[in-house]
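Take a look at the structure set out below.
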Amino acid sequence: MTAPKIFIYNTLTREKEEFVPIQPNHLGLYVCGPTVYGEAHLGHARPAITFDLVVRFFRHLGYKVRYVRNITDVGHLVDENAGEGEDRIAKKARIEELEPMEVVHKYTESYQHFMRALNVMSPSIEPRASGHIIEQQEMVRQILKNGYAYESNGSIYFDVLKYNQKYNYGKLSGRNLEDLLENTRALDGQSEKHNSFDFALWKKASPEHIMRWPSEWSEGFPGWHMECSAMSMRYLGQTFDIHGGGMDLVFPHHEAEIAQSTAANGHEAVHYWMHNNMITINGQKMGKSLGNYINLSELFSGNHKLLEQAYSPMTIRFFILMAHYRGTLDFSNEALQAAEKGLDRLMKAMQSLDKIKISEASTIEIKPLSDKCYQALADDFNSPILIAALFEAVSMVNNLVAGNEKITSANLQELKTLFNDFVLEILGLLPDGKSETDGNNLSSQLIDLLLNMRMEAKRNKDWATSDKIRSQLTAMGVEIKDTKDGFEWEMR
RNA sequence: GGUCUCGUGGCCGAGUGGCUAGGCAUCGGUCUGCAAAACCGGGUACAGCGGUUCGAAUCCGCUCGAGACCUCCA
């Protein structure tokens, strides 16, 4: 397969653009990671899985990918305008009676644990804001030197007005300064900022603020947009291919990043901006600040008032991949259950591949289907289209097993490759460990024994006995499927 | 208030000018001692109104409805 042309929807231009890497066959990707002050929730899963798909697809196509996803472990103020507001990590530390760094450590590990459960590949580099204070300070210096920032009472602020004279502040989010001026409260007379839309590059720490580092301006901490600009530059260079994150970060976070990079380096850093949409619950965004979020641990255990049952990590993964990343995805038990069943059917078909008997000639073609799969992903990572194509393959497999279609050895190999590549490698769906039909342990041997006895009863037309075995095994959670010449079973 | 997005069959969710999306549910049939599984098939949707066009879910306008961002959030 020659590599297809990849088209990516670029938030900057609001158009799908052909992807042209800076270096052929290399991809530099930066994605905004979580602020680690709480349990990972369903919302965190979406960008992680979205960009996991991107990385997996590029790697499959032979790209060398450097994937940087940061951990934000420097607290941002709850209310920046209030100035003296408590930061989120410090607040959590106080509530849980922990050191801020204990909070950060705990939730970083938790996040990584849940991402592994979702089979999200670890990024190439997972840098922390607290470990890159020097890089951030250096970038602040550069911006100051270039005249796009000013000092005010020990803090450094980005001069948006000045920047906008030469560049365009608001180009990513489609805003202009006049609107911003009108729509921000003009009522903070003792603000250190020249204008309400200026943002902090370095913030002087109040006496009680715990996370603080020395600098020539003050003891303080970096402003909340600095880390991504500084760390992406450090690991991916002054320009790189793709920057991703949730749509809620477009403004102000990514807008500020563009301004910072441009002010420091004289040019923008990012070629393609990608943003995943939100997960909604009853049509409303699921978010920490709205208090309507569901933790991943709750999802996996079913322990939440909105959940009718537990959902496996792979069900969650499949659920997210069944929708295109740029659309909102509405949470409901019904939708999740549909995803669970669909995934089950997909995985069963994969297992059935080994049961297919080879023929001299094929009555089916694999190539068109395979092309469809590549085209789907090449068109802005359209995973729902890919999944639709994979269900065509499922139907193919089932028909082959049933003997309705025929396939040659070579074509069967193609079909197996298709499933392996797209289901396992690219979509990253793992066979669930739910059905332990390995036949090695005692209980599966006992089940086999009982079902063999049932077969015998059936041969003797002793329906009473055969149905009794079936109904009791079913009650124990063993699902029995009779086949032409025997039986299959699995644990429910 | 400003900027923007969206409204698809019972549910989820693709599609952007003419050609079956797909999944789940449901109904009918095949297979089966019965069932399950599997297979085959059915329903034929595009918020409303108007316009452009030979032709619109798809383009334009208006109306209604929902949501996002403008403060931290994935």
Write down the distance between CZ (A:Phe197) and C1' (B:C69), rounded to a whole number of angstrom. 18 Å
With C1' as the reference atom in both, quote the distance from B:C59 to B:C27 in angstrom, rounded to an integer. 38 Å
Provide the distance between the two P atoms, one in B:G50 and one in B:U30, to the nearest whole Å. 47 Å
Do A:His209 and A:Asp87 pair up side chain to side chain, a donor and an acceptor below 3.5 Å, judged on atom types alone? yes
Does any donor atom in the side chain of A:Glu192 or A:Tyr157 lie under 3.5 Å from an acceptor atom in the other side chain? yes
Have a look at A:His41 and say if it touches a base, only the backbone sugar-phosphate, or nothing, with a 4.0 Å heavy-atom cut-off. base
Just the rounded figure in Å: distance from P of B:C70 to NE2 of A:His253. 13 Å
Measure the distance from CG on A:Leu473 to P on B:A36 and round it to the nearest whole Å. 17 Å
Can you tell me how far P of B:A21 sits from CG of A:Leu390, to the nearest Å? 19 Å
Quick one: label A:Leu42 by what it contacts on the DNA or RNA (base, sugar-phosphate, nothing), any heavy atom closer than 4.0 Å. nothing
At under 4.0 Å between heavy atoms, how does the protein contact nucleotides 3-15 of chain B? Give one character per nucleotide, 5' to 3', with B, S or -. S-------SSSSS
Less than 4.5 Å apart, any side-chain heavy atom of A:His324 and any of A:Asp380? yes
What is the separation between atom OH on A:Tyr107 and atom C1' on B:C73, rounded to the nearest whole Å? 16 Å
Given B:G22, B:C73, B:G23, which nucleotide is nearest the side-chain atoms of A:Arg345? B:G23
Report yes if a side-chain nitrogen or oxygen of A:Asn398 is closer than 4.0 Å to either non-bridging phosphate oxygen (OP1 or OP2) of B:C39; otherwise report no. yes
Tell me the closest heavy-atom pair linking A:His132 and A:Met231, and the distance in Å. ND1-SD, 3.5 Å
Flag the pair A:Glu488 and A:Lys348 as a salt bridge only when some basic side-chain nitrogen lies within less than 4.0 angstrom of an acidic carboxylate oxygen. no
Rounded to whole angstrom, note down the C1' distance from B:U58 over to B:A45. 14 Å
Tell me yes or no: between the side chains of A:Thr328 and A:Asp330, is some donor less than 3.5 Å from an acceptor? no
Verify whether one side chain among A:His253 and A:Glu257 offers a donor that lies under 3.5 Å from an acceptor in the other. yes
Show the nearest heavy-atom pair for residues A:Met286 and A:Gly43, with the distance to one decimal. SD-N, 4.4 Å
Any salt bridge between A:Lys372 and A:Glu392, counting N to O under 4.0 Å? yes
Just checking, is any N or O donor in the side chain of A:Asp73 or A:Tyr107 under 3.5 Å from an acceptor N or O on the other one? no
Whole-Å C1' distance, B:A36 and B:C31: 12 Å
Provide the distance between the two P atoms, one in B:G42 and one in B:G1, to the nearest whole Å. 49 Å
A:Gly246 near the nucleic acid: base, sugar-phosphate alone, or nothing, with a heavy-atom cut-off under 4.0 Å? sugar-phosphate
Under a 3.5 Å threshold, yes or no: a donor from one side chain and an acceptor from the other, between A:Tyr67 and A:Asp52? no
Residue met sooner reading RNA chain B from 5', once A:Thr280 and A:Ser395 are mapped to nucleotides: A:Ser395
Distance check, P atoms only: B:G29 and B:C49, in whole angstrom units. 38 Å
Please report the distance, rounded to the nearest Å, between NZ in A:Lys285 and C1' in B:C70. 12 Å
If we take the P atom in both B:C4 and B:G9, what is their distance in whole Å? 28 Å
Calculate the interatomic distance between A:Ile294 atom CD1 and B:A74 atom P; express it in whole Å. 16 Å
Which whole number of Å gives the distance between the C1' atom of B:U8 and that of B:G65? 15 Å
Out of B:C24, B:A38, B:A36, which nucleotide sits closest to the side chain of A:Lys341? B:C24
Carboxylate-amine/guanidinium contact A:Arg470 A:Asp467, below 4.0 Å: yes
Looking at every strand, decide which applies to A:Glu488 at a 4.0 Å heavy-atom threshold: base, sugar-phosphate, or nothing. nothing
Quick one: label A:Met247 by what it contacts on the DNA or RNA (base, sugar-phosphate, nothing), any heavy atom closer than 4.0 Å. nothing
One character per nucleotide, please: for nucleotides 29-35 of chain B, 5' to 3', B when the base has a protein heavy atom closer than 4.0 Å, S when only the sugar-phosphate does, - otherwise. ----BBB
For A:Met286 and B:G67, what is the distance between atoms CE and P respectively, to the nearest whole Å? 15 Å
Modelled atom types, side-chain donor and acceptor of A:Ser130 and A:Arg128, under 3.5 Å: no
Lys/Arg-Asp/Glu bridge criterion (N-O < 4.0 Å) met for A:Asp482, A:Arg454: yes
Counting Watson-Crick and G-U wobble pairs with both distances under 3.5 Å, what is the dot-bracket string for RNA chain B, 5' to 3', using [ ] for crossing pairs and | for pairs to another strand? (((((((..(((.....[...))).(((((.......)))))....(((((..]....))))))))))))....
